[in-house]
Each structure stands twice: as C-alpha cells, then as structure tokens.
Amino acid sequence: MPMYNPKEIEPRWQKYWEEHKVFRAADVSDKPKYYILDMFPYPSGSGLHVGHPEGYTATDILARYKRMRGFNVLHPMGWDAFGLPAEQYAIETGTHPRETTQKNIATFRRQIKMLGFSYDWDREVDTTDPKYFKWTQWIFLQLFDTWYDAEQKRGRPIAELPIPAEVEAKGPDAVAAYRDGKRLAYQAEVPVNWCAALGTVLANEEVVDGKSERGGHPVVRMPLRQWLLRITAYADRLLEDLEPLDWSHSIKAMQREWIGRSEGAEVDFRLAENEETIRVFTTRPDTLFGATYMVLAPEHALVKRITTARQQTEVDEYRAATARKSDFERTEIAKKKTGVFTGAYALNPVNGKSVPIWIADYVLVSYGTGAIMAVPGHDERDWEFAVQFKLPIIPVVLPPQSWLQATDVYRLLKEQLAESQSDGRQVPTMSPGGMQVVQKATPLWDRLGQDLGKVVEQLYRNHIQLFSEAYTDEGTAINSGPFDGLPTAEFKAQITRWLEERKQGQRKVNYKLRDWLFSRQRYWGEPFPILHEQGGRIRPLDVSELPLTLPELDDFKPSGKPEPPLGKATGWVQVTRDGKTYLRETNTMPQWAGSCWYYLRYIDPKNDKAFCDPAREKYWMPVDLYVGGAEHAVLHLLYARFWHKVLFDRGHVHTPEPFQRLVNQGMILGEMEYTGFKNNGTWVSPTKETPPGLETVRLDEDQVEKSGDSFVLRENPKVRVEARAYKMSKSRGNVVNPDEVVDEYGADSMRLYEMFMGPLEATKPWSMRGVEGVFRFLNRVWRLFVDERGDSVKLSDQVKDVPPDKDTLRKLHQTIKKVTLDLDAMSFNTAIAAMMELSNVLTRHESRSRSVLETFVLLLSPFAPHLAEELWLIMGHGKTLAHEPWPPFDEGLTREDEIEVPVQINGKVRGKIVVPADIDQASLEKAARADDKIQALLAGKTIKKVIVVPKKLVNIVIAG
RNA sequence: GCCGAAGUGGCGGAAUGGCAGACGCGCCGGACUCAAAAUCCGGUUCACGCAAGUGAGUGUGGGUUCAAGUCCCACCUUCGGCACCA
C-alpha cells in the first residue's frame with residue numbers, strides 16, 4: 001500500500017540533507033551570492049508557534065529557489081537566547097538560566113529541523129555562547145572607543161577627539177572625563193523605569209501603559225547610574241539612509257516617526273529679575289509675538305532658582321506630586337491640564353514684554369530643552385492651559401477664510417443672520433458665549449459692509465477668546481510688529497535670522513529619539529567589559545581578555561534594590577590590574593545586544609580572530625532579504641542599523657546599511673470563533689459596548705448563519721453573534737502547535753498551508769480544514785506518480801516516456817511562468833494555486849508524460865521539498881534535486897491558439913466569441929458584430945463608438 | 001487625536017483600468033461501495049425563474065471613463081503603530 005506517507009519520507013530526507021551537507025553555503029564562490037535571513041527566535045519555553053514557520057517557510061522556499069537559479073545562498077538560523085524568562089524561571093526554581101536556555105534551544109532546533117528548512121546548520125549561532133558574545137563585547141568596546149564627529153558626520157576613534165586647551169590644562173583626569181562624555185557608550189545618571197517586581201530597569205519601549213511589557217508589573221521612575229548608547233548622534237543618518245531601502249512604506253514611516261525629526265529654533269528668554277536665561281525649543285518661531293507665558297517641565301533645573309518665596313510651597317507640592325506619578329499616570333490624567341505659577345517672569349526677546357513662568361507636567365523634561373514658550377493662540381495644549389488658568393491669548397497668525405468659516409463663531413452668526421432676515425424674531429435660546437459673539441459682531445456689521453467673512457476675521461483679530469480652539473496651521477502674520485503680513489514660512493526664516501544676529505536664538509533640529517538605555521540589572525545577559533577605578537575613572541578590558549564570562553551564582557534572586565545580581569559575585573567583581581584594584585561593571589547588556597549583529601556572525605561563525613572576516617563580509621553583505629515579524633519594526637531594526645553604521649564608520653563593514661530588503665510577515669490568528677451572548681439565559685445581540693456580566697457562549701459553525709452584514713443565530717435570526725478570529729494565546733486556548741500539525745499531515749502540508757493561506761504580509765486566521773486541503777493536494781500529486789494499488793512504491797504505469805500533447809505542454813509552460821514570476825514577487829499563495837491547476841489537468845489524463853512530471857516536481861520542490869525529493873528519486877534520479885536548474889519557460893508555448901473574447905454593449909457583457917489568438921483589431925471587431933446575439937441586440941440601434949482592446953474585449957457603445 | 005494597512009461569496013482568498021469571485025475549504029448532486037470512509041466527476045455570489053434568462057453585486061456616498069474591486073474626493077468600520085514631542 002504505497003500511500004503518501006510523510007512520516008516515513010520526511011525524516012529520511014532531512015537526514016539525507018544533513019549528512020550530505022546539501023545546503024552548505026560556500027564561503028568563497030564564483031556564483032552570485034544571495035543572503036536570505038530570518039529574524040532568529042527567542043527560544044521560549046513554550047516551543048515553536050505556528051507564527052514562526054510562516055516567515056521561515058517563505059524564506060526557505062526562496063532559498064531553495066535561488067539555489068536552483070544558480071545562486072550561492074546563505075540561509076542560516078540561530079538563537080537570540082539571552083532574555084528575561086529564563087532568568088525569571090531561575091529565580092523561581094534555582095535552575096541555571098543556561099540550562100533552561102539550552103533545553104529550550106534543543107526543542108526549537110528539533111521543531112525547526114522537523115519542518116525541513118534548508119538552513120546551513122554549520123552556521124548556527126547562540127547569543128549566550130561565550131564564543132559569540134565575546135564579539136558582542138568587542139563591538140561594545142568599539143562603541144566605547146568611538147565619538148561622533150558632527151562636522152564629518154561620522155564616528156571616529158576616541159584618540160582622534162580634539163581636546164580643548166582649557167580641558168588639557170586641567171590635567172589627565174579632566175581629559176579622561178572629557179573623553180568619557182563624548183563616547184558613543186557613556187554613563188549617566190538618568191531617571192529610569194524601575195520595576196521592583198522584576199528587579200530591573202526597563203527601557204521606555206519595554207514599558208507599556210506604565211507597566212512592564214513582560215508580566216505587567218508596575219513601573220516607577222527613579223534616577224540611577226546607567227550605560228547609554230548615543231544613538232541620537234546617528235539620528236539624521238538613520239533617517240536619511242532609510243530612503244533608498246527596499247522596505248515597506250509603513251515600516252519606514254514607523255521608523256521615521258520614532259526618530260521624530262523636527263525643525264525649528266532655540267530661543268533664549270532672559271529673566272526679568274536676574275541674569276538667568278531660559279532656553280526653549282519651538283517649531284514655530286514665527287509665533288514669538290504670541291508667547292504670553294512660559295512653561296518649564298516640573299523637573300527643570302531652573303525651577304529651584306527662579307521660584308519666588310511666595311510660590312515656593314505650591315511649586316514644591318506640584319513637583320512632588322509629579323514625581324510620584326508614573327509616565328502612564330501623567331498622560332492618563334492628561335485630559336485636564338495642571339500647573340502652577342513660579343512667581344517669576346521672563347522677557348519676550350522680540351518685544352521685551354514680561355511673561356509669567358509656570359511649571360506644568362504637560363511639558364516633558366526629556367524633549368527639547370524641557371521648557372517652552374506658550375503660544376495659546378496657535379497651539380492646542382497651550383490654548384487649553386491658557387483657558388484653564390485664564391492667561392492671555394494673542395492671535396499672531398491669521399487663518400485662511402476656509403478655516404474661519406468652519407468655526408462655531410461663523411456658523412452662529414450665519415444662523416443669526418438667517419433668523420433675523422426671515423421674520424426678525426429673536427433667537428429663543430442662546431448660550432452666554434453666543435450672546436457675546438453677537439454683541440461683539442454687531443458694531444462691526446455695518447462698518448465692514450455686512451461681509452460675514454470680514455466680520456469673523458475682525459473678531460479673530462480682536463476677540464480670539466470667542467473661538468473654541470487654537471489655529472495651528474500656517475497663515476499670515478498679524479500682531480507681530482514689523483513682520484506683519486508675512487506668510488508663515490517666510491516669517492520663520494526671517495525671525496530665525498533676526499534672533500541669530502542678536503545672539504538670542506538659532507536654528508535647531510530636534511528628535512524624539514532618545515539615547516538608548518543599554519544596561520540592565522540582570523544576571524542573564526552579556527557582562528560589560530568595563531572596570532571601575534575608585535574615583536570614577538573607567539577602563540575597558542583589553543580585547544585579549546574577552547570574552548568576559550558570567551560568574552556562577554548560587555541564587556539568582558534580585559536584591560529588590562536596583563543593585564544588579566552580579567554584585568553578589570564578590571570574587572568576580574574585584575579585579576587587580578597593574579597593582580590597582582578595580583570593580584567590574586555589574587550591569588549586563590539588554591537582550592537587543594546580541595541581535596544587533598548576528599547577521600554578521602553567520603557569515604563567519606567560527607572565527608576567533610575577528611567578529612567576521614573582511615573578505616567574507618564583503619562577499620555576503622548586505623542581507624538581500626530579511627523576513628520577520630512587524631513587532632521588530634522599530635527597535636530591533638533601528639538598533640541593528642545603528643550598530644552597523646558605527647561598524648561602518650570604523651571600517652569593519654563595507655555597507656552603510658545591513659538589510660537591503662525587508663518583508664514583514666503578518667500575524668497568524670487562531671481559528672474563526674463564533675460567540676453568542678446571553679443575559680439571564682436569554683440570547684442578546686452584542687452592541688458597541690457590550691455590558692459586562694453577559695454570559696458568552698462558544699457556538700458551532702452550523703449554529704449560525706449569515707444575515708446581511710453580520711452573523712445571526714440559526715435558531716433565532718434576530719440575535720446577532722460575534723464572528724472573528726483572535727490572536728493565538730494560551731489563555732484563549734486557541735494556540736496551534738506545529739508538532740501536532742506535522743504529526744497529522746506532515747511538514748510539507750504545514751509548509752504549503754502556511755503559504756497558501758494568503759499573502760505573506762497579511763494577518764490571517766488559521767484553519768485546520770485548510771491544512772487538510774493542501775494535504776489532499778499533495779496526495780493527488782503523489783498519485784500522479786505512484787500507483788497506490790501496487791505492492792511497492794514504484795512509478796505508475798500511467799507515466800510514459802512520451803512527449804506531452806499540445807494543451808498539456810501549454811499548461812505546463814503557463815505554470816512554470818506563473819510560479820517563476822510569483823516566486824520573484826513572493827506571491828506564494830497564487831504560485832501554489834497554479835500548481836494545483838496543473839495537477840488537476842494532469843490527473844484527468846490517463847497517461848502522463850514523464851518530462852512534464854519531472855518539471856512539475858522541480859516546480860514543487862521549494863514548497864514541498866520532502867515529497868519532491870521522494871518523487872525525484874522514484875523517477876530514477878540518483879541524487880538530490882536541490883541543485884537542479886530551475887525549469888525555464890518558453891513564452892511562445894504559453895500562448896493559446898484560440899481565445900474567448902467578451903463582447904460588451906454599453907459596458908455590459910452580452911456575448912462571447914471565440915477567435916484566433918493572433919486576430920487583428922479590425923477582424924475582431926468584425927467578428928464581434930457578426931455574432932448572432934450581438935446582431936440581434938444591435939438591430940435598429942445607432943452605434944456611437946466601438947472600443948476594441950486587442951485580445952481582451954470589444955465594447956460597442958450605442959445610443960439610447 | 002495623528003500615522004499606516006485593510007474592507008470582495010458561508011470561510012481563506014484571486015483579479016497589468018477590460019468577462020469579479022482563479023485556487024482551496026465548506027456545502028449540494030452523481031460515480032465507485034453491501035455500506036461507510038477515501039477517491040473521482042459535476043455544481044455552488046445573491047434575488048427572481050422549471051428553464052433559456054433577467055436584474056443586482058467588491059464597506060458607504062459622490063466623481064472621472066466607452067469601461068472602476070482597481071483611479072480621484074468625502075465618509076464609515078476593523079487591525080497595527082504613535083500619542084501632551086512644543
């Protein structure tokens with residue numbers, strides 16, 4: 001009974017591939033290279049998830065395809081194995097994270113191998129392997145040894161940093177401190193997100209809604225000495241170099257937004273009372289004349305010095321309250337603005353007017369200068385604040401009429417006008433605000449020729465308080481002294497020059513991007529290769545001392561204080577060098593570190609002299625295609641690009657960008673679920689906000705039916721039910737385990753289904769029935785070759801050494817063409833559909849041409865490699881098909897002899913004609929007109945126009 | 001609120017401005033079978049009709065065009081990201 005048996009076939013071929021090293025990438029080769037990379041996984045304890053193999057299958061298909069197209073393909077896999085869960089588990093059970101990690105890696109490796117991916121396993125990397133993180137530490141030392149030369153726009157060795165004479169004069173300590181302050185890896189006392197439950201500091205991006213991303217524990221802000229990486233120095237280059245990359249528009253947009261470049265000016269406001277100045281950043285220097293107050297962030301250093309005695313208590317209280325709030329709370333309660341007056345005043349540099357200085361938590365200390373000039377007329381936040389605290393509002397930008405006429409003021413006056421013209425009756429009810437508008441408008445009415453537009457404009461100029469919101473776009477300057485009448489852009493340029501001439505301001509570019517908080521108070525991470533001398537001097541380890549491995553610990557429990565657990569390893573921490581005693585850095589690197597450069601290590605994974613051999617780097621880089629989940633759209637990709645640029649500046653890699661093309665696979669959701677709702681036992685339809693406390697009932701597919709736009713209960717069609725697929729999660733119980741799928745249908749079916757579900761980049765629900773569908777397809781393919789009724793596995797008698805008939809040959813070449821073009825476009829689902837069509841055609845034939853079947857196997861082989869290898873073997877080939885040339889197609893053979901062309905009358909299909917494929921335009925029109933049905937419909941009508949699209953259609957336009 | 005992606009049969013989805021629904025699932029009918037499963041063949045957007053057919057139809061409303069799922073404008077919904085960034 002030689003049935004298709006993936007359980008037997010698949011392990012056998014996996015063993016063959018491994019033993020024969022079929023997928024080894026040559027380090028040097030005359031062939032063109034193709035580097036195709038997957039985002040390597042974090043080997044979690046729960047094993048592989050069906051989401052992982054989606055991207056891996058896509059890249060594997062392409063890797064196999066590219067090999068057949070004659071490329072030397074680099075397709076590696078590895079493990080991003082440092083991470084919190086293993087340490088969390090160690091804290092709970094005392095198991096060493098290394099042990100947990102190795103176990104998890106073994107599971108992942110087994111699961112990934114079971115799917116038959118063509119990885120070059122000799123290149124496997126593991127970020128927790130000292131042979132690997134030796135070079136992670138080495139790259140950190142490169143960052144430590146680099147400063148950013150803003151003039152040359154590149155990172156340079158710290159030894160080349162010019163030391164100012166006055167620093168030099170203060171001695172070697174001052175010079176060292178100066179250097180340390182310029183390095184790309186530097187220490188600073190920064191307010192960090194301290195998570196007591198995890199016993200660690202989290203990066204901003206690891207904090208979601210004021211809670212830790214992992215575990216959902218509360219997070220508070222506290223100042224701590226930390227390592228930071230000066231990624232902000234590279235902000236401009238990270239932005240500019242994004243442009244030419246072949247990445248999706250949306251990922252580029254997300255990165256751009258994250259970097260958040262904004263152009264504007266820094267302006268200095270002198271204090272009224274003393275010599276202090278407050279520097280603010282603004283993107284709208286053209287609104288300076290409308291600055292009626294200033295706001296400092298509560299944490300701003302100047303607050304202490306400027307607060308007057310009278311306001312002291314209030315300010316202190318406000319500052320204390322702010323410090324207690326997490327970032328989350330600060331934004332949560334953002335609906336209503338809060339703040340207090342400091343008692344101090346500053347002088348507006350453009351007109352010398354005195355403006356009050358407030359503090360408020362809507363100003364962030366970490367952006368710009370931590371202080372703003374408030375222009376309530378033209379900034380929404382300032383408007384709200386000014387209304388709240390009754391601060392003056394001065395309009396300095398005249399909005400266009402289109403905006404003015406969309407305001408409540410305009411609408412109100414218009415209504416008023418209509419009322420009075422109709423019967424002169426008083427408007428029965430009018431708000432006090434409305435009354436005011438009318439009252440202010442009345443004297444203007446006759447003076448401005450009863451022009452409503454002019455009246456509203458005049459009201460805007462003189463009574464801006466009547467309006468309900470700030471106008472924040474560009475317009476024409478008003479109330480701005482000599483600058484009146486200038487359009488915004490021109491004004492900005494002029495005022496910036498004006499400020500620069502008076503040394504009161506300058507052009508300035510700001511970024512949302514912050515320096516990267518690079519240290520963690522954890523055990524399971526790369527130790528920093530840094531020694532601390534008493535007195536604060538730091539000394540990097542020598543390259544020869546790398547790798548610096550982790551000390552063994554008895555327990556991994558956090559101290560509950562911000563001190564990292566490595567501090568417990570006293571023997572490890574104390575070091576003597578050249579007779580001096582040093583303390584090792586006890587922070588460790590974050591999980592991102594290892595993943596920032598792994599793609600380089602794959603190129604030369606065993607090198608112990610360098611992170612990567614330069615000649616090999618030159619051959620393989622950049623990565624031609626990088627595939628992974630969109631969750632890494634910003635951080636991983638931004639961090640990796642940053643490290644790559646530093647390595648580039650320091651001459652270690654030859655491309656400024658690591659990943660030429662990036663594709664994000666979509667998420668795979670659980671199976672579609674139907675949910676009904678019951679209230680006290682009675683079925684109810686869900687509403688927009690379904691009240692809590694309703695009983696939810698999982699419904700079977702045949703209990704529901706479609707009615708209009710929604711699904712309803714079959715037994716009671718008045719009751720709507722919810723139909724949707726959810727994210728897979730343990731708690732929902734809708735997780736699909738690849739082991740089970742492979743066990744039941746085999747790896748080839750799993751692979752094929754993952755690709756057949758829909759476009760790679762789309763989010764799509766899983767369906768076990770769908771897996772069964774592709775499994776049936778593979779069974780049909782098997783039966784094309786093998787007679788299942790025979791006693792042993794051998795080629796079916798129906799396969800004959802005969803040339804194919806014309807139709808089959810055409811279908812074959814059409815399929816080759818379709819599959820080839822679809823692979824190049826990564827449209828895997830339609831390529832599979834094309835192969836299904838071919839197999840459907842072949843199934844119908846009693847006898848099958850051997851040459852057609854051979855070509856078909858080659859087409860199928862990247863998708864279902866095990867089955868394809870087996871069939872190739874059955875056809876009598878002695879070795880793997882992995883390096884067989886990809887079948888070419890003959891364009892001439894794909895063409896049909898006859899085609900069916902629709903004939904339309906006024907755009908509606910009214911008939912179809914069969915004509916020779918190479919028919920000329922005139923004959924096609926003639927044939928269309930000659931068709932019986934068409935003639936009948938045309939009888940007695942006037943033809944206005946005939947459109948003939950060669951080989952496509954004829955459209956006859958008639959009158960009436 | 002802002003940015004991005006997407007809305008097509010019962011479901012997943014397919015369609016260089018040129019026959020909407022390829023392919024698969026599900027369902028219906030038939031063949032094979034004592035029967036079932038598996039397999040093979042046929043049908044399957046909806047409405048009306050015995051049928052030939054007719055009409056409607058790609059989130060909604062407008063527009064461009066001989067022709068719109070596809071292009072333009074406005075809006076709605078869902079998903080992803082960002083969110084007091086001055």
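Per chain, numbering begins at 1; letters A, B, ... match sequence-line order. Remember, it's a predicted structure, so these values are computed and weren't measured experimentally.
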Any donor-acceptor pair under 3.5 Å from His378(A) side chain to Val397(A) backbone: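 Such a contact is found between His378(A) side chain and Val397(A) backbone.
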
Please classify the nucleic acid contact of [X] as base, sugar-phosphate, or nothing, using heavy-atom distances under 4.0 Å.
| X | result |
| --- | --- |
| Lys512(A) | base |
| Glu900(A) | base |
| Ser767(A) | nothing |
| Ser262(A) | sugar-phosphate |
| Lys508(A) | nothing |
| Arg261(A) | nothing |
| Gly770(A) | nothing |
| Asn829(A) | sugar-phosphate |

Gap between atoms [atom1] and [atom2], on [X] and [N] respectively (whole Å):
| X | N | atom1 | atom2 | value |
| --- | --- | --- | --- | --- |
| Glu257(A) | rG1(B) | CD | C1' | 12 Å |
| Met254(A) | rC79(B) | CE | C1' | 13 Å |
| Lys908(A) | rA20(B) | NZ | C1' | 14 Å |
| Arg780(A) | rC23(B) | CZ | C1' | 10 Å |
| Glu631(A) | rG4(B) | CD | P | 22 Å |
| Tyr511(A) | rC82(B) | OH | P | 21 Å |
| Glu772(A) | rC25(B) | CD | C1' | 10 Å |
| Glu380(A) | rC2(B) | CD | P | 9 Å |

Rounded distance [0.5 Å steps], OG in Ser839(A) versus NZ in Lys811(A): 10.5 Å

Lys/Arg cation over aromatic Tyr753(A): Arg751(A), 6.0 Å, 45° cone: no

Ring-face cation contact, Phe385(A) with Lys337(A), 6.0 Å cut, 45° max: no

Closest nucleotide among [options] to the [X] side chain:
| X | options | answer |
| --- | --- | --- |
| Val949(A) | rC23(B), rG80(B), rG18(B) | rG18(B) |
| Asp361(A) | rC84(B), rC41(B), rG18(B) | rC84(B) |
| Ala253(A) | rC3(B), rG13(B), rA22(B) | rC3(B) |
| Arg769(A) | rC19(B), rC25(B), rC84(B) | rC25(B) |
| Asn955(A) | rG24(B), rA86(B), rC66(B) | rC66(B) |
| Val957(A) | rC66(B), rG24(B), rG10(B) | rC66(B) |
| Phe756(A) | rG12(B), rG13(B), rA86(B) | rG12(B) |
| His249(A) | rA56(B), rA5(B), rG18(B) | rA5(B) |
| Arg776(A) | rC11(B), rC84(B), rG26(B) | rG26(B) |
| Arg724(A) | rC25(B), rG12(B), rC79(B) | rC79(B) |

Chi-based syn or anti call at rG80(B), which uses purine or pyrimidine torsion atoms and a 90° bound: anti

Side chain to side chain contact (heavy atoms under 4.5 Å, CB included) involving Ala235(A) - partner list, sequence neighbours excluded: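 Applying side chain to side chain contact (heavy atoms under 4.5 Å, CB included) to Ala235(A) gives Ile259(A), Tyr511(A), Leu513(A).
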
Short side-chain N/O contact to rC40(B) OP1/OP2 from Arg783(A), under 4.0 Å: yes

Residue-phosphate contact under 4.0 Å: Asn840(A) side-chain N/O, rA22(B) OP1/OP2: no

Distance between [atom1] atoms of [N] and [M] (Å, rounded):
| N | M | atom1 | result |
| --- | --- | --- | --- |
| rU8(B) | rG13(B) | P | 9 Å |
| rG9(B) | rU58(B) | C1' | 10 Å |
| rA68(B) | rG63(B) | P | 13 Å |

Under a 3.5 Å limit for both distances, which nucleotide forms a Watson-Crick or G-U wobble pair with [N], could you say?
| N | answer |
| --- | --- |
| rG12(B) | rC23(B) |
| rG7(B) | rC76(B) |
| rG29(B) | rC41(B) |
| rC66(B) | rG18(B) |
| rG49(B) | none |
| rC82(B) | rG1(B) |

5' priority, RNA chain B, between Met836(A) and Met373(A) [closest heavy atom]: Met836(A)

Ile832(A) vs Lys764(A), nearer the 5' end of RNA chain B by closest nucleotide: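 Comparing both residues, the 5'-ward one is Lys764(A).
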
Any N/O donor-acceptor pair, Lys945(A) side-chain to rC66(B) base, under 3.5 Å: no

Non-hydrogen atoms of Glu266(A) and Phe281(A) that approach each other most closely: CG-CD1, 4.3 Å

Full working for side-chain hydrogen bond (donor to acceptor under 3.5 Å, both in side chains) between Glu754(A) and Gln665(A): CA-CA 11 Å; Glu754(A) 293 234 0; Gln665(A) 87 246 16; over 6 Å; no

Centroid separation Tyr674(A) to Phe711(A) less than 6.0 Å: yes

